[in-house]
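Have a look at the structure below, then the notes.
Nothing fancy with the numbering, it's 1 onward along the sequence.
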Amino acid sequence: MHNLKNNIAAVLNLSIGIDTHELASMIEYPPDSKLGDLSLPCFKLSRRLKAAPPSIAASLAAGFECEGIDHVETAGGYLNFYIDKNYLAGNVLDKIIKQGESYGSSDMGKGKTVVLDYSSPNVAKPFHIGHLGTTVIGHSLRMLHEFAGFKCVSINHLGDWGTQFGKLIVAYRKWGSAQDIETGGIDALVALYVRFHEESQKNKSLEDEARTEFTKLEHGDQSNTALWKWFIEISITEYQKTYKQLGIEFDSYKGESFYTDKMPEQIEILREKGLLKTDNGASLVNLEQFNMAPCLILKSDGSTLYPTRDIAAAVYRKRTYNFDKAIYVTSAGQSLHFAQWFKVVELMGYQWADQLVHIPYGTVSIDGSKLATRTGNVILLRDLFAMAIDKVSEIMEEKNAELQNREEVAEAVGVGAIVFHYLYNSRIKDINFVLDDALNFDGNTGPYAQYTYARACSILQKGGEYGDGAKITADEETALLKILSLFPERVESAISEYEPYIITRYIIDVCTAFNRFYHDCPILSAKDGDIRSFRIKLTAAVKHVLGNAFNLICMRKTDRI
Ligand code: ARG
């Protein structure tokens, strides 16, 4: 429809001279297709054309002719356009088939670089359901930007620095063993961390010991550094298992510690510019003028803080990647933190401060205590995925016991179900996660979408070759084509609004339209050869669009379920 909007705008431009882009952006999709497939609300033009909307609509309608538009009608101040079905069946469908895996992509971001900071868990702490949002929203935004031609750099800004490492080192020396950690992995680290907190309730001097060990680490003590590196390695190995299930790879794992030697330069600039104030020995930037609490830069003992590291990291990333946009995906709980340090970067005089974007998301809760794990009340991402995979396995055993690669499919569907369910709402909305809802094959879910994709694959496999014919005969075909034609625009909105849910909702629209078509129109059994061929071709287009859309939300495709 993208093209159609442009086609229409180009024709209108010839009669009223208003910029084509601007005209295209005024064209809307009426909620009810009786009011046209596309519509121009003429009141948007009335001031400039110095005429009443109905008379503008009437004069534009007279003699209107445009490729892809069958006819126009006026309704009050609206000019309504009705699409030519043959244009959909020919032009639009051919384009989808021809472009295949690149249908929906664009060169909107050509020559531009986007740095995305997401997932970024804290080392040796559990990787839990709270990280699901940053991980999947972040990766989806990466895929979307890449699809639109941006060069993307994904960064896992690991929380790999701070006093918790002093605690871990103390706990490890007192109660741990190399063997425990080698076999237990991150769980063994978390257990040590938990034990430290229990013991330090009784024995306050442990906190001092931990601080001493951290200070030693800060000064490069060899044995502490070796332990610290090892803890990070163990943690990353664990995270990567989860990332692999999601199909996620990072370009960089430079965590907070990497910026240790990059902070002094920024602190110096803050000082030179007179931005740093001292308060009870701590150094901070006062942001009262901007209605925000001060941004803390140094503690009273001179040690740096989370915002200090973020400022140094942003400068480093600008210098290294020369980004046009830097996106940070975290829970809304960190919105103030980002607003504060973004402001500090601006006050420091960095011109690119307005290229920093924080993308917040709401909280997740889980139904019941069923998912509680060994580590206490938190639900580990790993366990959530495992539960989903198990349940899908069970369902599949009932549905299709003969499936060859059941484990692989169960993983794709189980993990996909969680991702899809999570990304089904506007990101800022708080969600209560109900696993059974996510796994319902008959709901607006990942499994339903993957099942539909597999159905298309199976039709194509049985259907064989299809010709070039464009014999459109049923309303369901037209409806489906109209939806397929919207994909490029949906990708664009998902990017401009930073909202992957625009894609998940779109996937459901495609599935619903395809399933309606599938139920009402015989495909493989169609008697007329041209109709059969056209319907198979339409099915091939559905497969492309769904497949491309799944990629954008990090949901895997499976040809069979
Ligand atoms: N490690 C942080 C946490 O788990 C998230 C880091 C987000 N990225 C950043 N540059 N601050 O809360």
Side-chain angles (χ1 to χ4, degrees), residues 1 88-105 140 143-144 147 247 400 403-405 408-409 412-413 416-417 419-420 441 444-472 474 476-491 494 503-526 530-561:
M1 298 251 188
L88 288 172
N91 199 305
V92 172
L93 185 54
D94 282 344
K95 183 171 154 194
I96 302 173
I97 298 292
K98 199 170 108 236
Q99 296 190 346
E101 288 187 359
S102 63
Y103 175 63
S105 68
S140 176
M143 299 309 281
L144 281 161
F147 206 44
N400 184 358
L403 191 69
Q404 300 277 316
N405 50 343
E408 207 183 305
V409 175
V413 178
V419 170
F420 194 93
F441 275 67
N444 291 338
T445 61
Y448 165 68
Q450 279 167 318
Y451 195 77
T452 307
Y453 179 84
R455 168 174 282 165
C457 291
S458 135
I459 294 169
L460 291 171
Q461 208 186 17
K462 293 185 200 137
E465 295 292 304
Y466 52 84
D468 262 343
K471 194 163 175 181
I472 194 162
E476 290 80 8
E477 295 164 333
T478 312
L480 177 55
L481 274 165
K482 278 184 196 166
I483 291 181
L484 295 179
S485 75
L486 290 173
F487 186 47
E489 249 172 285
R490 293 293 163 88
V491 171
I503 303 297
T504 46
R505 301 269 164 160
Y506 175 71
I507 288 173
I508 294 300
D509 290 346
V510 174
C511 291
T512 308
F514 175 67
N515 286 321
R516 199 164 288 149
F517 156 74
Y518 173 82
H519 285 293
D520 294 352
C521 308
I523 303 175
L524 298 176
S525 58
D530 287 343
I531 292 181
R532 184 179 186 275
S533 172
F534 173 67
R535 290 183 178 166
I536 296 174
K537 187 174 174 186
L538 191 49
T539 305
V542 168
K543 180 188 164 186
H544 285 311
V545 174
L546 285 182
N548 295 355
F550 287 6
N551 274 346
L552 296 177
I553 54 157
C554 44
M555 186 163 78
R556 260 186 276 161
K557 313 182 268 248
T558 66
D559 288 5
R560 271 164 218 237
I561 287 194

Name all residues meeting the side-chain contact (heavy atoms from CB on, under 4.5 Å) criterion together with Ala454; count only those two or more places apart in sequence or in a different chain, and write none if there are none. Ile561
Inter-residue atom distance [X].[atom1] - [Y].[atom2], 0.5 Å rounding:
X	Y	atom1	atom2	result
Thr445	Ile507	OG1	CD1	11.0 Å
Leu88	Lys95	CG	NZ	12.0 Å
Ile536	Ile531	CD1	CD1	12.0 Å
Ile472	Leu538	CD1	CG	7.5 Å
Ile483	Thr512	CD1	OG1	7.5 Å
Thr504	Asn444	OG1	CG	10.0 Å

When you measure from the side chain of [X] to the backbone of [Y], do you find a donor-acceptor pair of N or O atoms at a distance under 3.5 Å?
X	Y	answer
Thr539	Arg535	yes
Ser140	Leu552	yes
Ser533	Asp530	no
Arg532	Leu524	yes
Glu408	Asn405	no
Ser525	Pro522	no

For [X] and [Y], which heavy atoms make the closest approach, and how far apart are they?
X	Y	answer
Phe550	Ala449	CZ-O, 3.5 Å
Lys537	Ile97	O-CD1, 3.6 Å
Ile503	Ala549	CG2-O, 3.7 Å
Gly100	Asn548	O-ND2, 3.0 Å
Cys554	Val419	O-CG1, 4.0 Å
Tyr453	Thr558	CD2-O, 3.4 Å

Determine the interplanar angle of the Tyr506 and Phe487 rings, folded into 0 to 90°, and report it as parallel if under 30°, tilted if 30 to 60°, perpendicular if over 60°. parallel
Hey, is CG on Asp94 packed in by over 12 heavy atoms from elsewhere, all under 6.0 Å? yes
For Arg560, does the CZ atom have more than 12 heavy-atom neighbours from other residues, nucleotides or ligands under 6.0 Å away? no
Side-chain donor-acceptor pairs of residues 514-521 under 3.5 Å, sequence neighbours excluded:
{"from": "Asn515", "atom 1": "OD1", "to": "Arg455", "atom 2": "NH1", "distance (Å)": "2.8"}
{"from": "Asn515", "atom 1": "ND2", "to": "Tyr448", "atom 2": "OH", "distance (Å)": "3.1"}
{"from": "Asn515", "atom 1": "ND2", "to": "Thr452", "atom 2": "OG1", "distance (Å)": "3.3"}
{"from": "Asn515", "atom 1": "ND2", "to": "Cys511", "atom 2": "O", "distance (Å)": "3.1"}

Any non-hydrogen side-chain atom of Phe534 less than 4.5 Å from a side-chain atom of Ile523? no
Report yes if the side chains of Val92 and Leu484 come closer than 4.5 Å at any heavy-atom pair, otherwise no. no
Considering only distance and modelled atom types, tabulate donor-acceptor pairs under 3.5 Å from the side chains of residues 456-464, sequence neighbours left out.
{"from": "Ser458", "atom 1": "OG", "to": "Lys462", "atom 2": "NZ", "distance (Å)": "3.4"}

Residues Lys557, Asn551; criterion side chain to side chain contact (heavy atoms under 4.5 Å, CB included); working and verdict: CA-CA 8 Å; Lys557 313 182 268 248; Asn551 274 346; 3.8 Å; yes
